[in-house]
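Below: the structure, in structure tokens.
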Amino acid sequence: SPWGTFSKAEAVAYTALGRPAWTLGVALLTYVFASGDGGLVAAFLSAPMWDAPARLTFTAYLVHPVIMIAVAAASKSYVVYSSSFIAAYFALFAALAYLCAFAIFILIEKPLQNLEPLILGAFGASRH
């Protein structure tokens, strides 16, 4: 069957209901965490160990396409996809993206964060 191990009806039901079910699940999790009822999961996700990766994640998200394009452009041969290739390239891209994000944080973001109070103080403004 072209639908793998699913029947046609199961494949249609999954296709029709998969994304709405995912959206509903994310919405329910968001509601539970926003209302303060997250329990152990909320405590784990707000643990201090996530502070450093949280500061770097958005920058890593912004730089990873550039890294992927650079690696692809530097490739001298065709790619033969396999599970090990995908795992190795995922690790490579993640490591390079977070390394670049760390460099950007140290060289740009943190110095600008340190200058912000000085600049705001010179104009008599305060940051809340």
Side-chain angles (χ1 to χ4, degrees):
S1 137
W3 301 285
T5 59
F6 296 113
S7 70
K8 185 176 181 179
E10 290 169 334
V12 168
Y14 177 79
T15 302
L17 301 174
R19 289 184 185 209
W22 174 262
T23 304
L24 180 63
V26 171
L28 288 173
L29 280 175
T30 302
Y31 175 75
V32 167
F33 291 142
S35 66
D37 296 330
L40 290 175
V41 175
F44 174 72
L45 292 176
S46 15
M49 70 178 176
W50 299 115
D51 288 347
R55 292 178 193 266
L56 301 177
T57 298
F58 184 66
T59 306
Y61 165 74
L62 291 177
V63 300
H64 91 273
V66 176
I67 294 168
M68 293 174 75
I69 291 169
V71 169
S75 177
K76 298 194 183 331
S77 63
Y78 291 110
V79 174
V80 178
Y81 291 101
S82 66
S83 296
S84 59
F85 171 85
I86 291 173
Y89 268 55
F90 170 80
L92 172 74
F93 292 144
L96 288 176
Y98 275 94
L99 186 64
C100 288
F102 180 73
I104 290 170
F105 178 77
I106 293 297
L107 296 173
I108 298 170
E109 290 182 43
K110 191 59 178 166
L112 290 176
Q113 285 176 356
N114 292 340
L115 284 177
E116 184 182 24
L118 297 173
I119 294 169
L120 291 178
F123 292 108
S126 65
R127 184 173 182 202
H128 300 291

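Please read all numbers here as calculations on a predicted model, not as lab measurements.
Using a 4.5 Å cut-off between side-chain heavy atoms of Ile, Leu, Val, Met, Phe, Trp and Tyr, with links allowed through other members, Val71 and Tyr81 fall into the same hydrophobic cluster. Residues Leu24 and Trp22 are members of separate hydrophobic clusters, defined by side-chain heavy-atom contacts under 4.5 angstrom among Ile, Leu, Val, Met, Phe, Trp and Tyr. In the hydrophobic cluster analysis, where Ile, Leu, Val, Met, Phe, Trp and Tyr join through side-chain heavy atoms closer than 4.5 angstrom, Ile69 is grouped apart from Leu99. Under the 4.5 Å side-chain heavy-atom criterion for Ile, Leu, Val, Met, Phe, Trp and Tyr, Ile108 and Leu118 are members of the same hydrophobic cluster.
For the residue pair Thr5 / Glu10, no side-chain donor-acceptor distance below 3.5 Å is found, with atom types taken as modelled.
Scored by the side-chain contact (heavy atoms from CB on, under 4.5 Å) test, Ala97 finds Ala60, Val63, His64, Ile67 as partners (sequence neighbours excluded). Scored by the side-chain contact (heavy atoms from CB on, under 4.5 Å) test, Tyr14 finds no partners at all (sequence neighbours excluded). Applying the side-chain contact (heavy atoms from CB on, under 4.5 Å) criterion to Val66, with sequence neighbours excluded, gives no partner residue.
Sorted by first then second residue, the side chain to side chain donor-acceptor pair (under 3.5 Å) pairs that include residues 25-34, not counting sequence neighbours, number zero. Applying the ring-ring contact (aromatic ring centres under 6.0 Å, His included) rule to pairs touching residues 92-113 yields Tyr89-Phe93, sequence neighbours excluded.
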Identify each donor-acceptor pair in which a side-chain atom of residues 44-56 lies under 3.5 Å from a protein atom, sequence neighbours left out, and give them as a table.
{"residue": "Ser46", "atom": "OG", "partner": "Ala42", "partner atom": "O", "Å": "2.3"}
{"residue": "Trp50", "atom": "NE1", "partner": "Phe44", "partner atom": "O", "Å": "2.9"}

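Between Phe85 and Val79 there is a side-chain heavy-atom pair separated by less than 4.5 Å.
Annotation: Leu28, atom CG; neighbour count of heavy atoms from other residues, nucleotides and ligands within 6.0 Å is above 12.
Interatomic distance, CG of Leu17 versus CZ of Arg19, reported as 13.0 Å (0.5 Å rounding). Rounding to the nearest 0.5 Å gives a distance of 10.0 Å between CG of Leu92 and CE of Met68.
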Full working for side chain to side chain contact (heavy atoms under 4.5 Å, CB included) between Leu112 and Glu116: CA-CA 6 Å; Leu112 290 176; Glu116 184 182 24; over 6 Å; no
